[in-house]
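Because only heavy atoms are used, hydrogens play no part in the values below, and waters and symmetry mates are left out as well, while side chains stay in.
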Amino acid sequence: MKYCSQCGQQLPDEARFCGACGVATPELKEASATAMEPETLFAVPAAMDSKETGPGTGLDTPLQPSTPPNTGKQQGKGPHRGIKRTALIGSIMAFVLVAGGFWGWWSHGTEARVQAKLDLAVKYLSENKFKEAILAYNDAIKIDPKEVKAYQGLAKTYTLQGKYDEAKATYERGVAAVSPEDKLLLRLGLAGMYIDKGDLQEAERYFQGIIDENKTCVAAYQGLAMVYQQQGDKDKARAILEQGVKENAGDYRAYNALARFNANSGEQDKALANIVKSFEDIPAT
């Protein structure tokens, strides 16, 4: 009587393959050693649709490297430990691959569904179907509560209808939900809504608050300058744009904003100088 070198199963003397795990017996291995390639750590059987073992079934290649004869009495090793371990590893790998593919598909599918709703909302807005557009934007938010474009579109739709309270609530709801890098976009939108509403004092307060917290936000300087211009105070508008250039000397957008103000004010030389400066400060790519 002899034992399988792989799983420790007791074998008849004439057996060429283990009936439990399919590994070749030591005698067969020795006979073919000169013709075999070096064994791999994990050899995959060619066929698994038969319960028989032997040549032609795909079970004549060991699943793991050969180990000394194991009777099943060694500490911590049962007769089928090798099979169970291989099956467990295969199950884990299969789960990882399937789970990775699933989440990749789900992420891509979510983006596509959100974009479809956003496109539908824009279509409705172009047809002045505000109710339908609001439903589409809300559907996009339900699919992805962090989608900043959905909050922007929904709030602007309310603004177009003169529903400023609903617009304000939408911007604030979005600020609480979106990622940190997108919060600023919604805060700027809320400040701009007050310009549309005609509440310049509130718009000034919101834009100034953004500048106090983030001096690199060029759009806030532009928005505040717009507020001052509508209030009829060009000196304050020029001053805030110049402050924006000072705080953002390497940002061409700050120079462009000041150049547009200069041009609208008839200051062509200053406008040209700031345009030239904006080209000088464009970062190299």
Side-chain angles (χ1 to χ4, degrees), residues 110-234 236-237 240-241 243-244 251 253-254 256-258 260-261 264:
T110 297
E111 293 176 2
R113 289 186 295 150
V114 169
Q115 189 59 53
K117 292 296 182 182
L118 294 176
D119 292 342
L120 183 61
V122 171
K123 174 181 178 295
Y124 285 136
L125 283 177
S126 68
E127 300 169 354
N128 292 322
K129 296 180 179 179
F130 297 113
K131 182 178 179 180
E132 290 82 355
I134 289 171
L135 289 174
Y137 281 126
N138 277 316
D139 285 343
I141 292 172
K142 289 178 182 177
I143 297 171
D144 184 1
K146 294 182 179 295
E147 178 51 63
V148 65
K149 293 179 182 179
Y151 292 104
Q152 287 177 310
L154 180 58
K156 289 177 181 178
T157 302
Y158 283 131
T159 300
L160 287 171
Q161 295 178 286
K163 297 180 178 180
Y164 300 110
D165 290 340
E166 289 88 342
K168 180 176 182 291
T170 300
Y171 280 122
E172 291 176 342
R173 180 159 60 102
V175 168
V178 301
S179 59
E181 58 268 23
D182 287 334
K183 293 182 185 297
L184 182 58
L185 294 174
L186 296 177
R187 293 181 64 194
L188 288 168
L190 178 56
M193 183 212 72
Y194 281 109
I195 294 180
D196 294 329
K197 185 180 179 181
D199 190 344
L200 299 180
Q201 184 176 356
E202 200 67 4
E204 178 183 356
R205 184 173 74 85
Y206 272 89
F207 280 124
Q208 187 63 61
I210 294 172
I211 292 172
D212 291 342
E213 295 178 18
N214 185 356
K215 297 188 183 303
T216 64
C217 183
V218 175
Y221 293 99
Q222 294 174 292
L224 188 52
M226 184 182 299
V227 171
Y228 290 146
Q229 282 184 290
Q230 292 197 17
Q231 289 174 337
D233 195 333
K234 287 190 175 183
K236 290 182 73 173
I240 196 64
L241 290 174
Q243 180 185 339
D251 193 327
R253 296 173 301 170
N256 283 346
L258 182 56
R260 285 196 298 271
F261 175 85
N264 292 333

Inset, instruction - Can you sort out the partners of Lys146 under side chain to side chain contact (heavy atoms under 4.5 Å, CB included), two or more places apart, ordered by chain and number? - result: Asp144
Inset, instruction - To the nearest 0.5 Å, tell me how far Leu224 CG sits from Gln229 CD. - result: 10.5 Å
Legend entry - Closest non-hydrogen atom pair, Leu190 against Tyr206: CD2-CE2, 3.5 Å
Inset, instruction - Taking the side chain as every heavy atom from C-beta outward, state whether Lys142 and Asp139 have any atom pair closer than 4.5 Å. - result: yes
Inset, instruction - State which residues pass side chain to side chain contact (heavy atoms under 4.5 Å, CB included) with Ala225; sequence neighbours excluded, sorted by chain then number. - result: Ala237, Ile240, Leu241
Inset, instruction - Taking the side chain as every heavy atom from C-beta outward, state whether Glu147 and Ile141 have any pair of such atoms under 4.5 Å apart. - result: no
Inset, instruction - Keeping to residues at least two apart or across chains, list the salt bridge (charged side-chain N to carboxylate O under 4.0 Å, His left out) pairs with something in residues 175-200. - result: Arg187-Glu213
Inset, instruction - With rounding to the nearest 0.5 Å, note down the distance linking NZ in Lys117 to CG in Leu135. - result: 9.0 Å
Legend entry - By side chain to side chain donor-acceptor pair (under 3.5 Å) - contacts of Gln208 (at least two apart): Asp212
Inset, instruction - Give the minimum heavy-atom separation between Leu188 and Ile210, together with the two atoms involved. - result: CD2-CD1, 3.7 Å
Inset, instruction - Measure the shortest side-chain to side-chain distance between Phe207 and Ile195 over non-hydrogen atoms and say whether it is less than 4.5 angstrom. - result: yes
Legend entry - For Val227 against Leu200, the heavy-atom pair lying closest together: CG1-O, 3.6 Å
Validation: residues 215-222 side-chain donor-acceptor distances under 3.5 Å, sequence neighbours left out:
residue : atom : partner : partner atom : Å
Thr216  : OG1  : Asn214  : OD1          : 2.6
Tyr221  : OH   : Lys215  : O            : 2.9

Legend entry - Tyr194 side chain reached by Arg205 side chain, heavy atoms, under 4.5 Å: no
Inset, instruction - Any pair with a residue in residues 150-162 that passes side chain to side chain donor-acceptor pair (under 3.5 Å), sequence neighbours left out, goes on the list, sorted by first then second residue, please. - result: none
Inset, instruction - Go through the structure and list residues passing side chain to side chain contact (heavy atoms under 4.5 Å, CB included) with Ala121, not counting sequence neighbours. - result: Ala136, Tyr137
Under 3.5 Å, sequence neighbours excluded: what are the donor-acceptor pairs made by side chains of residues 122-132?
residue : atom : partner : partner atom : Å
Lys123  : NZ   : Glu127  : OE2          : 3.0
Ser126  : OG   : Lys123  : O            : 2.5
Glu127  : OE1  : Lys129  : NZ           : 3.2

Legend entry - For Ala140 against Leu118, the heavy-atom pair lying closest together: CB-CD2, 4.2 Å
Legend entry - side chain to side chain donor-acceptor pair (under 3.5 Å) partners of Gln243, counting only residues at least two apart: none
Legend entry - Set of residues satisfying salt bridge (charged side-chain N to carboxylate O under 4.0 Å, His left out) with respect to Arg253, sequence neighbours excluded: Asp251
Inset, instruction - Count the heavy atoms belonging to other residues, nucleotides or ligands that lie under 6.0 Å from CE of Met193, then report whether that count exceeds 12. - result: yes
Inset, instruction - Identify the two heavy atoms, one from Ala203 and one from Ala191, that lie closest to each other, and give their separation to 0.1 Å. - result: CB-O, 3.7 Å
Legend entry - Listed partners of Lys168 passing side chain to side chain donor-acceptor pair (under 3.5 Å), at least two apart: Glu172
Legend entry - Those residues that, when tested against Asp233, pass side chain to side chain contact (heavy atoms under 4.5 Å, CB included) (two or more places apart): Asp235, Lys236
